[in-house]
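Take a look at the structure set out below.
The chains referred to below are lettered A, B, ... by the order of the sequence lines, with proteins before strands, and numbering in each begins at 1.
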Amino acid sequence: MRITAEAKAETRQRILQTATDLFQSQGWQNTTTREIAITAGIATGTLFNYFPTKEAIVADLIADAMKRAGEGFYAAERDANSLEADLFTLIWSGFSKLREFRNFLGPAMETIFSPLARSSAGSPGDAIRADHLEQVDAIVTTHGFPGPRSVVAVQLYWTLFLGVFAFWVEDDSPGQEDTLALLDRSLSLFVASLGMVDERKTQ
Amino acid sequence: MNVSELIAALPEDDFSSAANAGLAQERIREILADLAQRPVPTGSLHRLWSVSELSAQIALAYLAWWIRQWFSNAEVSKRRQMETNLRVALKLFHRLGYLRGAMAKVGQALGNLPILVPEQVAETLDRLHAESPPMHFPLIREVVRNEFGKGADELFADFDKEAFAAASLGQVHRARLKSGESVAVKIQYPGIARTIDADFRNLSALLLPLRLGKDWESVKGHFEEIRRMLSQEVDYLQEAESTRRARELFRPEDGIVVPNVYSEYSGTRVLTTDYLNGLHLREYLATNPTQASRNAFGTKMYVAWLRMYFACMPYGDPHPGNYLFLPDGRLGLIDFGCVQHYGPEERELTRLADRMSHEDSSLMQEVVRRVCGVSPEDPAFPEYLGMMEQSRDWMLEPDDHPGPFDFGDEAHFQRGLDVTSRVVRNRTMRFHPMYIYWQRSVFGLKALLLRLRAQVDVHEAFRRERLALEHSN
């Protein structure tokens with residue numbers, strides 16, 4: 001049983017690696033699931049057992065990077081940072097872990113995170129969104145903003161986050177310094193909006 | 001920011017009567033409304049968002065108001081002045097801290113002219129340098145990582161996460177090198193350097209339609225000079241080089257300190273130098289220093305300024321944030337971002353102007369021809385000649401004065417402003433671009449010495465510096 005689990009994990013990893021290599025070398029659009037399966041030495045049907053779509057493969061990479069960023073955030077020694085600084089650390093750490101995949105994240109994101117798509121529950125984009133918002137919510141709470149968040153606050157955050165993410169993917173400024181500035185400003189805006197919501201509550 | 005450019009851009013109303021002042025105010029409102037509706041170039045969108053429209057408008061409105069004061073009758077404006085200034089100063093204080101582009105430089109320039117900008121505004125703008133909202137540490141870490149491949153906490157033995165000073169385009173942190181030296185690390189807000197051009201396009205878009213005429217070519221040259229200098233100012237590698245060159249100019253007996261640059265900890269966005277422990281002008285004045293102490297510091301400021309000028313690298317931005325009053329009486333000079341480096345053409349013009357000022361006043365016509373590009377056949381030549389005479393006389397006032405000259409004399413400073421306002425009013429605005437920063441440098445220095453109320457034996461200092469220069473050549 002354990003061997004099977006290990007074999008599964010190994011296959012899964014091989015698929016991810018193969019897909020990443022192909023996306024890198026020939027582009028997201030030009031790579032098919034069939035090609036990934038052949039290069040990974042598995043049947044196409046087997047691949048679908050792991051990842052139903054190309055998007056699911058990329059979503060897995062993103063989910064993994066963001067999960068590790070969250071774990072890293074709590075594992076690291078932190079000073080008494082501001083809320084902006086903590087959120088900045090979490091998000092930038094996620095981006096850093098995704099940096100090597102930057103050149104194919106853009107086209108994949110269009111499908112995974114399309115703001116207009118009414119995706120079915122349990123789609124990879126939704127799972128990433130839910131996990132990330134949970135991390136953010138925990139951090140916001142520790143900074144004295146108890147939940148539950150309003151739908152508007154959550155959507156505002158997610159809109160800013162996706163906007164920065166999409167910008168970062170295409171950002172060719174040195175060291176992606178424009179994204180650093182954009183993320184900084186976006187988080188200031190978000191935190192300011194939390195304060196505004198707070199003020200309204202107390203009125 | 002060059003003041004004459006902005007003055008030139010304003011409508012040519014006569015501001016001297018209350019009715020006309022009202023008209024002018026209306027016109028300024030129109031300019032600002034126009035600015036707000038101007039289509040935003042896509043490439044600048046992000047920039048305009050950071051440098052919020054409102055902030056830019058406040059800075060501009062204040063500038064417009066301030067320039068109007070220049071022309072207005074002092075008695076009419078006196079009462080309004082205090083309340084308006086305070087209100088605007090507070091707005092500037094809250095807003096300018098977030099402006100980290102060219103508009104912030106406007107704020108800096110305002111704080112530098114205490115006669116035009118009343119004391120409380122000057123102080124507020126001073127404080128801005130020390131108290132503007134900082135970048136948080138995770139952001140700092142990434143900027144440092146972009147430069148050196150390591151975060152600030154890995155690169156330095158200690159790194160103070162709170163900034164101790166704000167630069168207009170970034171902030172300064174104390175740190176300790178692994179080799180033990182106590183250093184100041186200046187860090188630039190990410191992306192700002194590349195926005196200077198966008199800022200300039202926006203500013204030009206505002207000014208272009210307002211300023212047409214025979215001087216336009218000259219004005220364009222001036223703009224280019226400001227853009228060039230601002231681009232230089234945000235390149236910390238160039239600042240490092242200017243700092244090194246300036247440091248070589250001073251010896252221990254001068255009592256003037258330029259911090260050492262640590263190249264291996266410096267890059268385009270990060271500049272690491274020795275940390276100098278001293279007071280800023282405002283803090284120094286608050287200790288109620290003796291006249292002798294003010295004079296000694298004033299003399300060092302003058303000598304430092306003159307020596308850099310003689311070295312053909314004039315200090316273009318002598319504002320209060322760039323001087324430190326050290327407890328042992330030495331003067332610390334920091335921030336060499338805004339230093340001009342004269343090439344052969346500028347050096348030649350400088351020599352010519354110096355000879356005219358100190359040796360042969362008959363060279364005046366030649367100076368007008370070369371510096372202003374106005375030939376004796378030009379109908380405007382007599383006006384230019386008159387302007388040049390007045391400028392020279394004002395410049396040389398301290399030098400011609402026997403013994404210490406009292407820079408605390410507001411009348412002297414006012415005469416300089418009068419000369420400049422005549423230049424603007426008579427539209428004798430054609431001059432070599434190098435003089436934009438030269439003018440700012442002279443006014444900046446004299447404004448500082450005025451706030452310091454220092455008496456400086458300019459004649460003697462000039463003589464000594466000249467002699468030293470001749471010896472070294």
Side-chain angles (χ1 to χ4, degrees), chain A residues 69-70 72-99 102 135-136 139 143 156 159-160 163-193 195, chain B residues 42-52 55 94-95 97-101 132-154 158-163 169-171 187-195 197-198 234-237 267-270:
Chain A
F73 177 80
Y74 285 107
E77 265 184 54
R78 289 194 322 281
D79 300 295
N81 273 333
S82 63
L83 174 55
E84 284 101 321
D86 275 350
L87 291 176
F88 182 95
T89 304
L90 175 75
I91 295 168
W92 193 259
S93 154
F95 286 1
S96 303
K97 290 175 178 28
L98 286 169
R99 185 165 289 138
R102 216 161 62 99
Q135 289 176 340
V136 168
I139 294 171
H143 281 273
L156 177 64
T159 305
L160 288 170
V164 176
F165 196 168
F167 183 86
W168 171 74
V169 162
E170 300 289 332
D171 182 6
D172 55 8
S173 64
Q176 285 87 55
E177 61 173 2
D178 283 346
T179 306
L180 286 176
L182 182 62
L183 178 58
D184 182 42
R185 302 291 168 165
S186 300
L187 291 174
S188 298
L189 199 63
F190 170 64
V191 172
S193 82
Chain B
T42 325
S44 309
L45 188 60
H46 169 212
R47 177 74 197 130
L48 279 177
W49 184 42
S50 328
V51 176
S52 84
S55 312
H94 282 301
R95 288 288 177 176
Y98 295 95
L99 298 179
R100 294 177 189 267
S132 72
M135 289 180 254
H136 52 66
F137 184 67
L139 180 54
I140 296 281
R141 187 169 43 213
E142 294 310 321
V143 175
V144 173
R145 198 191 301 280
N146 271 347
E147 288 285 339
F148 307 106
K150 284 180 186 173
D153 33 7
E154 300 161 73
D158 288 314
F159 189 92
D160 196 341
K161 294 178 180 170
E162 298 293 322
L169 306 166
Q171 61 195 37
I187 295 168
Q188 195 174 97
Y189 193 82
I192 211 74
R194 289 164 35 258
T195 66
D197 276 340
V234 292
D235 180 353
Y236 286 177
L237 285 175
T268 51
R269 306 280 187 266
V270 179

- request: Not counting sequence neighbours, which residues clear side-chain hydrogen bond (donor to acceptor under 3.5 Å, both in side chains) with A:Asp171? List them please.
  value: A:Ser173, A:Thr179

- request: For chain B, find which of A:Ser93, A:Pro174, A:Ser82 contributes the most heavy-atom pairs closer than 4.5 angstrom.
  value: A:Pro174

task: For residues A:Asp178 and B:Gly191, report the shortest heavy-atom separation together with the two atoms involved.
output: OD1-CA, 3.7 Å

statement: Taking a cut-off of under 4.5 angstrom between non-hydrogen atoms, the residues of residues 139-148 of chain B near chain A are B:Leu139, B:Arg141, B:Glu142, B:Val143, B:Asn146

message: Quick check for you: to the nearest 0.5 Å, what is the distance between B:Arg269 atom CZ and A:Leu180 atom CG?
response: 11.0 Å

query: Any idea which heavy atoms bring A:Glu177 and B:Pro190 closest together, and the distance?
result: O-CB, 3.4 Å

message: For A:Glu170, is the CD atom crowded, meaning more than 12 foreign heavy atoms sit under 6.0 Å from it?
response: no

